[in-house]
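Read the numbers this way: they start at 1 and go in the same order the structure lists the ligands and their atoms. What you see is a predicted model, and the numbers here were worked out from it, not measured in a lab. All values below were derived from every heavy atom in this structure, side-chain atoms included, with hydrogens, water molecules and symmetry-related copies excluded.
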Amino acid sequence: MHLGDRVALVTGGASGIGRATAAALAQEGARIVAADVNDAGAQGTIRALDQDAIAVVLDVSDEKHWIAAIAETIEKFGRLDILVNCAGIGVSGSIEDLDVEDWNRLLAVNLTGTFLGCKHAIPAMREAGNGGSIINISSIAGLVGGEDIVAYSASKGGVTMLTKSIALHCAQHAPGIRCNSIHPTYVDSEMLDPIAEMFSSRAEMLAGMAELVPAGRVATPQDIADVIVFLASDGSRMMTGSQVVVDGGQLAGLPSRHSG
Ligand SMILES: NC(=O)c1ccc[n+]([C@@H]2O[C@H](COP(=O)([O-])OP(=O)(O)OC[C@H]3O[C@@H](n4cnc5c(N)ncnc54)[C@H](O)[C@@H]3O)[C@@H](O)[C@H]2O)c1
């Protein structure tokens, strides 16, 4: 898993999975660019790291921000090897009650943000000449539908297919650069805070979610970060265009009722 010398840009690096990923990549020796709209949070992430690291303000839905963030990365470290597109937002709503404004806002961050990150990282990785690994954080909701999270599911489904198209492009036009997606089940991060408010306690919400996961619990940010480290490392060198499900068995099959 050793990532010494490599440089990783992690979006959503201020919180949850992104923060855990920055720490896990740094533990393997990577130098870190923690990128987020939440500057204070990203600064907090890098302060906790032992490796050389910077925080950059990045709104992933803004192409100019991406151009500046990649330029800052190259200026500081001279290369970019790993991109983790982790920034994301959630909005509830079914097809009949979701506003188009919320649809557009969510797609701009979750899907366009991932598109822009890949678009601008690939030339920088190619230029540096060391190959690269792009890891896009989708969701199990990017593989199956969600009645009350229509925009979220559509955005994550888009990330699933975007990832495959990018993997094919890189195989032809940027050899050595890989692109894979990760599909977590529920992860106990700040993203669940608004949902927790609808329950009498966070523990009650997590227990209800855990009932849907055969492994018996929701995931932690560390559970996802560990898989991201694997996809970033040479241990996954033959993997590109893959959808890596990290769901404690949730999508493995239907609940069984064939025995007493
Ligand atoms: N938490 C879950 O249950 C879960 C499950 C499956 C997939 N995911 C995905 O994992 C990723 C990380 O989620 P998390 O659970 O760590 O959530 P989180 O809310 O803890 O972190 C998301 C981060 O993204 C940042 N962000 C939001 N909009 C941004 C923008 N426009 N530009 C840059 N940064 C922005 C936030 O400031 C925050 O730091 C998301 O893509 C999410 O959809 C989460």
Ligand 1 atoms nearer than 4.0 angstrom to some heavy atom of P184 are 6 (C), 7 (C)
- Task: Check whether any side-chain heavy atom of I74 sits under 4.5 Å from a side-chain heavy atom of E127, and report yes or no.
- Result: no
Within 4.0 Å of some non-hydrogen atom of I17, the atoms of ligand 1 are 10 (O), 12 (C), 15 (O), 16 (O)
Going by an N to O cut-off under 4.0 Å, is there a salt bridge joining R6 and D234? yes
TODO: Decide whether N136 and T163 meet the rule of one side-chain donor and one side-chain acceptor closer than 3.5 Å.
DONE: yes
Look at ligand 1 and say whether K156 reaches it with a heavy atom at a distance under 4.0 Å.
yes
query = Would T11 count as a contact of ligand 1 if the rule is a heavy atom under 4.0 Å away?
reply = no
| Is C86 near ligand 1, meaning one of its heavy atoms is under 4.0 Å from it? | yes
If we number the atoms of ligand 1 from 1 as shown, the ones under 4.0 Å from a heavy atom of S139 are 6 (C), 7 (C)
Between ligand 1 and D193, can you find any atom pair, the residue atom being a heavy atom, that is separated by under 4.0 Å? no
So the atoms of ligand 1 within less than 4.0 Å of a heavy atom of D59 turn out to be 30 (C), 31 (N), 32 (N)
Checklist entry - Below 4.0 angstrom, N of the basic side chain to O of the carboxylate: do D188 and R202 qualify? => result yes
Looking only at heavy atoms, the pair that brings I70 and A124 closest together is CG2-CB, 3.6 Å
A student comparing A87, G88, A141, S138 should find that the heavy atom closest to atom 7 (C) of ligand 1 comes from S138
